[in-house]
Structures are given as structure tokens and as C-alpha cells.
Amino acid sequence: MQNNLRVVTLDGPAGVGKTTLAKRVAQELSIAYLDTGAMFRIFGWKFGEAAPKMSEEELEAHIAQYSFTLSGIGFDSVLSVNGTPVGDEIRTEEVAALASTVAKLPVVRDALKRVQREISTQTSLVAEGRDMGSVVFPQAKFKFFLDATAEERGSRRFKQLQEMGKPANLDLIISQIKERDMQDRTRSVAPLVAADDAHIIDTTTLNIDGVFAAIMEHFAE
Ligand code: DC
């Protein structure tokens with residue numbers, strides 16, 4: 001393992017802009033971007049429905065069938081499962097709900113924590129997720145936690161859907177976000193929480209450029 005590898009963690013609730021920022025920070029620092037939500041989504045998609053009823057041994061056997069690799073840097077980072085790049089098939093509400101289900105299972109979290117740490121021994125990276133700074137990479141030197149009110153995150157999502165020409169109901173979106181927040185913040189294993197030493201950035205009144213600048217100023221020294 002090279003010990004000059006660096007890990008930057010970026011956590012926060014759904015819809016706060018983590019992905020956009022994490023990719024941009026990775027690009028700026030010329031390091032890889034790791035989307036850990038995609039890992040939970042893959043498991044949710046592949047065996048999420050059956051997972052809660054499986055024994056630990058069964059779950060471990062399922063998990064053992066998947067190996068993750070990360071290549072490229074910044075915007076060109078590619079997460080692959082068993083050699084195939086992860087695609088848009090996991091970007092649906094159904095898969096998000098299944099991902100949230102598997103994300104509660106300690107066996108799944110432990111397995112992915114091991115994989116995420118292993119990847120960090122091979123490349124420097126910006127790790128985006130919910131528990132990167134608090135659980136997976138407690139030693140990371142640079143930790144960020146982005147936050148914004150559920151109303152603001154809901155209205156950003158609403159605008160995105162409108163721009164894509166998709167039907168959207170603002171009240172429904174906000175209530176779904178609040179529900180997902182509750183689940184993520186109150187689960188017993190690795191709840192969504194800022195690490196004690198994370199830089200907390202409230203993005204409610206900031207645009208993407210503003211948040212990016214607030215993050216990058218910590219790398220100035
Ligand atoms: O960020 P996302 O919407 O792709 O995440 C999908 C689900 O996985 C979401 O319910 C939160 C969960 N997750 C998690 O528990 N821990 C992480 N490090 C990343 C995602």
C-alpha cells in the first residue's frame with residue numbers, strides 16, 4: 001500500500017448535491033471519484049427484495065459473487081461490478097428504495113466497508129456517501145458534510161425533473177425526502193451523521209459554485 005494516497009470524504013442526505021460536487025472536487029484534485037451509493041444500489045438491484053429474509057450466510061454468499069473496481073479520475077471515474085461499468089439501470093426510485101433496505105443490513109455494510117477501504121489502498125479518492133467520514137474513513141484528513149433543508153432539496157429535485165420533462169409533484173417529493181432522511185438518520189447501523197471533525201457546509205442558500213469554493217478553500221494550504 002502506498003501511504004501517500006489520500007481520501008476525501010463527502011457525506012450528506014439525499015438530494016443535497018453530493019454527486020455533482022464530489023465529481024468536481026475529484027476532477028480538481030486529479031483523483032478518483034467513488035460513488036458508494038451505487039454499491040448499495042447494485043446490491044439492492046441484484047438481491048434487495050430477498051435480502052431481509054436471508055440468513056447471514058446466504059447474504060454473504062450473494063455478496064461474494066460481486067467484485068467492485070474503480071478506474072479513471074475525476075469525471076472519467078468508472079465503477080465496475082465484475083468488470084462491467086455500472087450504468088443507469090440502478091438510477092430508479094425502485095432501486096433507491098431497495099438500496100435503502102439493504103443499507104440497513106450490517107452484513108452488507110461490513111462487506112462494502114471492506115471493499116471501500118480496499119479500493120482506497122489502490123488509489124486516492126473522493127468518497128461520496130452517508131458514512132464515509134464517520135465510519136469507513138475516520139482517519140481521512142479532509143471530511144465534508146453537506147446539508148440543506150428538505151424543502152430546498154425537494155425544490156431542486158422538482159426543477160431537475162421539470163427540466164427533464166418528467167411529471168413532478170413538489171409536496172410529494174419533499175415528503176419522500178423527509179421520509180428517506182428519517183430512515184437514513186435513525187437507522188441503528190451507521191446512521192447518517194456528520195463526523196465530529198467534518199466541515200459542515202449548509203448549502204441551502206449556496207449554488208454549486210459556492211459550495212465548490214467553500215470546499216476547495218480547505219485545500220488551499
Ligand atoms: O446516494 P444514493 O441515493 O445513491 O444512495 C442509495 C442508498 O444507499 C440510500 O438509501 C443511502 C444508502 N447509502 C448508505 O447507506 N451509505 C452510503 N455510504 C451510501 C449510500
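Ligands are counted one by one from 1 in listed order, and the atoms in each one are counted from 1 as well.
- For Arg180, the heavy-atom gap to ligand 1 drops under 4.0 angstrom.
- Using a 4.5 Å heavy-atom threshold, the side chains of Tyr33 and Leu125 count as separate.
- Judged by distance alone, with hydrogens and angles left aside, the side-chain atoms of Arg130 form no donor-acceptor pair with the main-chain N or O of Pro191 at under 3.5 Å.
- On a distance-only criterion, Arg91 and ligand 1 share no N/O pair closer than 3.5 Å.
- The single protein non-hydrogen atom nearest to atom 1 (O) of ligand 1 is Arg130 NH1, 2.9 Å, given as residue, atom name and distance.
- Closest protein heavy atom to atom 5 (O) of ligand 1: Gly37 CA, 3.7 Å.
- In terms of protein heavy-atom proximity, atom 19 (C) of ligand 1 is nearest to Thr36 OG1, 3.5 Å.
- Closest heavy-atom approach to atom 10 (O) of ligand 1 among the candidates Ser100, Ala127, Ala14, Pro13: Ser100.
- Near Met132, meaning under 4.0 Å from one of its heavy atoms, ligand 1 places the atoms 18 (N).
- The shortest separation from a heavy atom of Met39 to ligand 1 is not under 4.0 Å, leaving the residue out of contact.
- The closest approach between a heavy atom of Arg109 and any atom of ligand 1 is below 4.0 Å.
- The distance from ligand 1 to the heavy atoms of Arg187 drops below 4.0 Å at these ligand atoms: 14 (C), 15 (O).
- Not a single donor-acceptor pair under 3.5 Å links the side chain of Lys143 to the backbone N or O of Leu10.
- Taking every non-hydrogen atom of Arg41 and a distance limit under 4.0 Å, the qualifying atoms of ligand 1 come out as 2 (P), 3 (O), 4 (O), 6 (C).
- The protein heavy atom nearest to atom 7 (C) of ligand 1 is Ala99 CB, 3.8 Å.
- Summarising the geometry, atom CD belonging to Glu118 is positioned 13.5 Å from atom CG belonging to Leu112; distances are rounded to the nearest 0.5 Å.
- Taking OG1 of Thr9 as the start and CD of Glu128 as the end, the distance is 11.5 Å to the nearest 0.5 Å.
- In terms of protein heavy atoms, atom 8 (O) of ligand 1 is closest to Phe40 CB, 3.6 Å.
- Taking CE of Met54 as the start and CG of Leu105 as the end, the distance is 9.5 Å to the nearest 0.5 Å.
- Where the criterion is an N or O separation shorter than 3.5 Å, residue side chain and backbone included, Glu128 fails it with respect to ligand 1.
- Judged by distance alone, with hydrogens and angles left aside, the side-chain atoms of Asp184 form no donor-acceptor pair with the main-chain N or O of Gly12 at under 3.5 Å.
- Between the side chains of Thr19 and Arg24, not a single donor N or O lies within less than 3.5 Å of an accepting N or O.
- Protein heavy atom in closest approach to atom 12 (C) of ligand 1: Ala103 CB, 3.9 Å.
- Centroid-to-centroid, the aromatic rings of Phe144 and His218 come within less than 6.0 Å.
- The aromatic ring centroids of Phe43 and Phe68 lie less than 6.0 Å from each other.
- Considering backbone and side-chain atoms together, Asp35 places no N or O closer than 3.5 Å to any N or O of ligand 1.
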